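Report on one structure; see the data block that follows.
All figures in this text were calculated on a predicted structure; none of them were measured in a lab.
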Amino acid sequence: MDALLDASLSLPLLGLALLDGLSIGTLLIPVFLLLAPGRLRTGRIALYLVTISVFYLLVGVLFSLGLVNLVSVASGFLDSTAGLVLRLIAGAALLLIGILMPTGKRKREREAVATAATAGGDDPLLPPAPAPTTPTTPPRAPRLLRWRDALLDARTSPLAVMGIALAAGIVEVATMLPYIVGMTMMAEADLPLFARGLGLVAYCAVMILPAVVLLVLRAVAAGPMRRPLETIAGWMQRSGAETTAWILAIIGLLIARDAANKLGLFSALDTITR
């Protein structure tokens, strides 16, 4: 228990848990649900948060129980020549994926180029194209909004809410790098079983803390909170892919650099250039 309370372990775990609390499954989807018009469906949103938190708790339990042997076996292989080459290739691949990954900014740039090319091809001698006619029937709400309204409807089974939470967790768990690092830190801290379980519960509770705070604020101040929630959702939609690309590129660079250093590539390059 003392090891769990030690600042050298607890503070990094707290930071990693807060980072995990900013993911699509733990924050963006709850914010999207909070933006639904009408009466706040507190029970549905709370069920979603509890479900995804319990999912990560169970994953952490399974991860921790089998991690100690996995680390000891994997560390020996990863420090071998074959393992270092594999790490170099994996790091370079992550770096390239991060650089080439399509993001919102790059998509907007491509659309601007395509729009400019289309506009430049218009013949000024031809008459302008007729303005589009206004539809006589009112437009339907976007499919995503209809899905949200159906999910929050009291007639929808709570199992649907739990299924969405589980699906979000399954899709994201492999990319939750802070979570994996946090579970590894707890496994390597040689904590007693009870302390490790308590640490996992605390970690998963902190993961959903940002969404819980927004839920409480939305419940007590619905009007003033709507604009900030829309801002948060818009920012995450715009920058989510770009942030992921930066994270993958940085992690890939660090992995490739460490492997290249241990393989002696930098020393060999320095010798060649002299």
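Atom CG of residue Leu84 and atom CD1 of residue Ile89 lie 11.5 Å apart, to the nearest 0.5 angstrom. Between atom CG of residue Leu215 and atom OH of residue Tyr48 there is a gap of 13.0 Å, rounded to the nearest 0.5 Å. The distance from atom CG of Leu34 to atom CD1 of Ile29, rounded to the nearest 0.5 Å, is 12.0 Å. Lys262 contributes atom NZ, which lies 12.5 Å from atom CG of Leu88 (distance to the nearest 0.5 angstrom). The CZ atom of Arg218 sits 7.5 Å away from the CD1 atom of Ile45 when rounded to the nearest 0.5 Å. Distance CZ/Phe32 to CG/Leu151: 9.5 Å, rounded to 0.5 Å.
A donor-acceptor contact shorter than 3.5 Å is absent between the side chain of Thr51 and the backbone of Ala165. Between the side chain of Arg87 and the backbone N or O of Asp258 there is no donor-acceptor pair closer than 3.5 Å. Between the side chain of Tyr179 and the backbone N or O of Gly60, at least one donor-acceptor pair lies under 3.5 Å.
Contact of the Val213 side chain with the Leu217 side chain is registered, since non-hydrogen atoms from C-beta on lie closer than 4.5 Å. Residues Leu27 and Leu214 are in side-chain contact: their nearest non-hydrogen atoms beyond the backbone lie under 4.5 Å apart. By the 4.5 Å heavy-atom criterion applied to side chains, Met162 and Val50 are not counted as neighbours. Taking the side chain as every heavy atom from C-beta outward, Leu200 and Met186 approach each other to under 4.5 Å. Residues Leu16 and Met185 have side chains in contact (heavy-atom distance under 4.5 Å, counting atoms from C-beta outward). Taking the side chain as every heavy atom from C-beta outward, Asp20 and Tyr203 approach each other to under 4.5 Å. Considering only heavy atoms from C-beta on, Thr26 stays 4.5 Å or farther from Pro210 through its side chain. With a 4.5 Å cut-off on side-chain heavy atoms, Met183 and Val59 do not count as touching.
Transitive grouping of hydrophobic side chains (ILVMFWY, heavy atoms separated by less than 4.5 Å) keeps Leu198 and Leu14 in distinct clusters. Leu209 and Val54 fall into different hydrophobic clusters, defined by Ile, Leu, Val, Met, Phe, Trp and Tyr side-chain heavy atoms under 4.5 Å apart, directly or through other members. In this structure, Leu100 is a member of the same hydrophobic cluster as Leu95, with clusters built from ILVMFWY side-chain heavy atoms closer than 4.5 Å. Under the 4.5 Å side-chain heavy-atom criterion for grouping Ile, Leu, Val, Met, Phe, Trp and Tyr, Val206 is not connected to Val201 through any hydrophobic cluster. With hydrophobic clusters built from ILVMFWY side chains whose heavy atoms lie under 4.5 angstrom apart, Leu18 does not share a cluster with Leu28.
Annotation: Arg41, atom CZ; neighbour count of heavy atoms from other residues, nucleotides and ligands within 6.0 Å is above 12.
In terms of heavy atoms, Ser53 sits closest to Ala205 at OG-N, 4.3 Å. The minimum heavy-atom distance between Ala256 and Ala92, with the atom names listed, is CB-N, 4.0 Å. A pairwise comparison of heavy atoms in Cys204 and Tyr56 identifies SG-C, 3.8 Å as the closest pair.
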